[in-house]
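Working notes, beginning with the structure itself.
Residue numbers run from 1 in the order of the sequence given. Indexing begins at 1, ligand by ligand and atom by atom, following the structure's order.
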Amino acid sequence: MDILKDIAASLMAGDDKKIVEEVNQAIEMKMPTTEILDDGLIAGMNVVGEKFRKDEMYIPEVLLSARAMAAAVEVLKPLLIAEDVPSRGKVVLGSIQGDLHDIGKNLVAIMLEGAGFEVVDLGIDVPAEKFIETALEEDASVVGVSSLLTTTMPKMKDVVDLVEERGLSGKIKVLVGGAPLTEEFAQSIGADGYAYDAANAVEKVRTLVGRA
Ligand code: B1M
């Protein structure tokens with residue numbers, strides 16, 4: 001579909017005004033939200049990532065793309081969040097210490113809220129202690145940790161270790177996710193779950209809450 005290509009192009013160009021118009025246009029055309037997200041926005045961001053890796057795009061341009069993505073996601077948000085869903089439980093969410101990426105984590109938050117979970121979003125660069133302290137204060141049974149960098153992935157183990165050290169295993173479950181992660185990595189650090197995308201995170205949290 002041309003409109004999806006236009007959305008991807010506006011994301012690459014970092015044009016936050018044009019992208020909002022195009023996303024609204026796609027919604028008016030009754031295009032499924034997941035298609036706009038996956039085949040327009042995320043497809044565009046993948047090209048940005050590839051160009052970034054090859055030094056064909058630099059941080060200021062990538063930040064403009066990130067801003068355009070955030071503006072577009074804001075338009076989609078009401079469609080991703082069902083209204084008046086009774087609370088199914090609380091999830092503490094954040095990007096691990098050292099990691100400043102938050103677009104994927106924000107999508108996970110939106111999808112969880114849409115499925116009726118309360119989300120306490122700690123933002124980016126979150127130390128292990130902060131995840132656990134907040135989960136205890138908020139009486140949350142799941143902690144969701146995001147990492148986009150291979151260099152910050154090992155820090156996720158600190159969260160799992162802290163749960164164990166404080167005798168909280170069974171009370172607080174740790175879900176991990178982010179592009180460089182795998183199921184095997186999640187198992188190797190002893191996480192309770194791994195999700196490959198935002199929709200999968202909802203499924204995994206449902207299972208974990210059932211077990212918590
Ligand atoms: Co960065 N960056 N970046 N970056 N950046 C990547 C991740 C990279 C793959 C680019 C590349 O080289 N191709 C590369 C990482 C390489 C690696 O470690 N293997 C990289 C690098 C190297 C860096 C810097 C080190 C660059 C530098 O300074 N030299 C630096 C690090 C900063 C830091 O964090 N300390 C850096 C900086 C930045 C910006 C600030 C410029 C910007 C972030 C802006 C922001 O987030 N507000 C940025 C961006 C935008 C990217 C790319 C281009 C896009 C990331 C993104 O938002 N994707 C990225 C390349 C790429 O991913 N293609 C790249 C869209 C988003 C919807 O997908 O985040 O994967 P994603 O989330 C998905 C899933 O992963 C999953 O669900 C989401 C939705 O489906 N998921 C979860 C995510 N978290 C989850 C948690 C869950 C479950 C699922 O449960 C808890």
Side-chain angles (χ1 to χ4, degrees), residues 7-8 11-12 14 16 33-74 76-77 80 91-115 117 119-126 131 135 140-156 159-160 172-183 185-186 189 191-209:
I7 289 172
L11 190 120
M12 289 180 244
D16 61 344
T33 315
T34 46
E35 222 168 286
I36 303 173
L37 198 57
D38 293 341
D39 302 335
L41 299 173
I42 294 181
M45 196 49 119
N46 283 339
V47 179
V48 170
E50 200 43 34
K51 287 182 181 282
F52 189 28
R53 194 178 58 78
K54 291 191 207 149
D55 280 342
E56 289 170 10
M57 266 178 97
Y58 298 98
I59 289 180
E61 295 158 294
V62 178
L63 280 172
L64 288 180
S65 292
R67 192 179 67 177
M69 177 94 176
V73 168
E74 206 51 43
L76 291 179
K77 198 171 168 180
L80 294 167
V91 180
V92 171
L93 198 63
S95 302
I96 194 66
Q97 189 165 27
D99 205 319
L100 308 179
H101 297 86
D102 66 356
I103 297 172
K105 184 260 306 159
N106 293 345
L107 271 177
V108 172
I110 291 172
M111 297 290 266
L112 283 172
E113 284 174 8
F117 292 96
V119 175
V120 182
D121 190 344
L122 297 175
I124 52 175
D125 192 19
V126 182
F131 279 106
S141 55
V142 179
V143 162
V145 189
S146 174
S147 174
L148 263 283
L149 298 170
T150 44
T151 47
T152 53
M153 276 166 65
K155 275 266 161 208
M156 298 174 117
V159 182
V160 177
I172 297 177
K173 305 278 182 184
V174 181
L175 176 76
V176 294
L181 273 69
T182 58
E183 182 79 57
F185 170 79
I189 62 166
D192 298 288
Y194 159 73
Y196 54 83
D197 69 8
N200 188 229
V202 172
E203 279 172 42
K204 293 292 168 74
V205 168
R206 281 195 182 122
T207 315
L208 293 175
V209 166

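The shortest separation from a heavy atom of Y196 to ligand 1 is under 4.0 Å, placing the residue in contact. Using a non-hydrogen distance threshold of 4.0 Å, G178 registers as a contact of ligand 1. Heavy-atom separations between T151 and ligand 1 are all 4.0 Å or longer.
Between G98 and ligand 1, an N or O atom pair is found at a separation short of 3.5 Å. Where the criterion is an N or O separation shorter than 3.5 Å, residue side chain and backbone included, T150 meets it with respect to ligand 1. Checked against a 3.5 angstrom limit, the closest N/O atoms of A179 and ligand 1 fall inside it. Checked against a 3.5 angstrom limit, the closest N/O atoms of H101 and ligand 1 fall inside it.
The distance from ligand 1 to the heavy atoms of V145 drops below 4.0 Å at these ligand atoms: 91 (C). Here is the list of ligand 1 atoms found below 4.0 Å of a heavy atom in G49: 11 (C), 13 (N), 53 (C), 60 (C), 63 (N). Interface of I59 with ligand 1, defined as ligand atoms under 4.0 Å from a residue heavy atom, comprises 27 (C), 28 (O), 41 (C). Those atoms of ligand 1 that come under 4.0 Å of a heavy atom in R53, given as number and element, are 11 (C), 12 (O), 13 (N). Per-residue contacts place D197 under 4.0 angstrom from the following atoms of ligand 1 (heavy atoms of the residue considered): 76 (C), 77 (O), 80 (O), 89 (C). Of all atoms in ligand 1, listed by their number and element, those nearer than 4.0 Å to a heavy atom of N46 are 63 (N). When each atom of ligand 1 is checked for a heavy atom of A195 under 4.0 Å away, the hits are 88 (C), 89 (C). Set against the non-hydrogen atoms of A198, the atoms of ligand 1 under 4.0 Å away are 77 (O), 79 (C), 80 (O).
The side-chain heavy atoms of I42 and N46, taken from C-beta on, include a pair separated by under 4.5 Å. Proximity of I59 to F52: side-chain heavy atoms (C-beta onward) are separated by under 4.5 Å at one or more points.
Ranking protein heavy atoms by distance to atom 58 (N) of ligand 1, first place goes to M45 CG, 3.5 Å. Protein heavy atom in closest approach to atom 46 (O) of ligand 1: D102 N, 2.8 Å. Looking only at heavy atoms of the protein, atom 8 (C) of ligand 1 is closest to F52 CD2, 4.9 Å. The protein heavy-atom contact nearest to atom 68 (O) of ligand 1 is G104 CA, 4.4 Å. Ranking protein heavy atoms by distance to atom 87 (C) of ligand 1, first place goes to G177 CA, 3.5 Å.
With a 4.0 Å heavy-atom cut-off, ligand 1 is reached by the side chain of L107 but not by its N, CA, C or O.
Separating the CE atom in M69 from the CG atom in L107 is a distance of 5.5 Å, to the nearest 0.5 Å.
A side chain to side chain contact (heavy atoms under 4.5 Å, CB included) with V205 is found for one member of L175, V119, V108 and no other, namely L175.
A pairwise comparison of heavy atoms in G144 and F131 identifies O-CE2, 3.6 Å as the closest pair.
Panel note: side chain S146, backbone G178; no donor-acceptor pair is recorded below 3.5 Å.
Counting heavy atoms only, L149 comes closest to atom 14 (C) of ligand 1 of the residues T152, N200, L149. Of the candidates L63, V176, L41, N106, the one placing a heavy atom closest to atom 39 (C) of ligand 1 is L63. Closest heavy-atom approach to atom 55 (C) of ligand 1 within the set L148, L100, D55: this belongs to L148.
Contact check on E50 versus R53 returns a salt bridge, with a Lys/Arg side-chain nitrogen under 4.0 Å from an Asp/Glu carboxylate oxygen.
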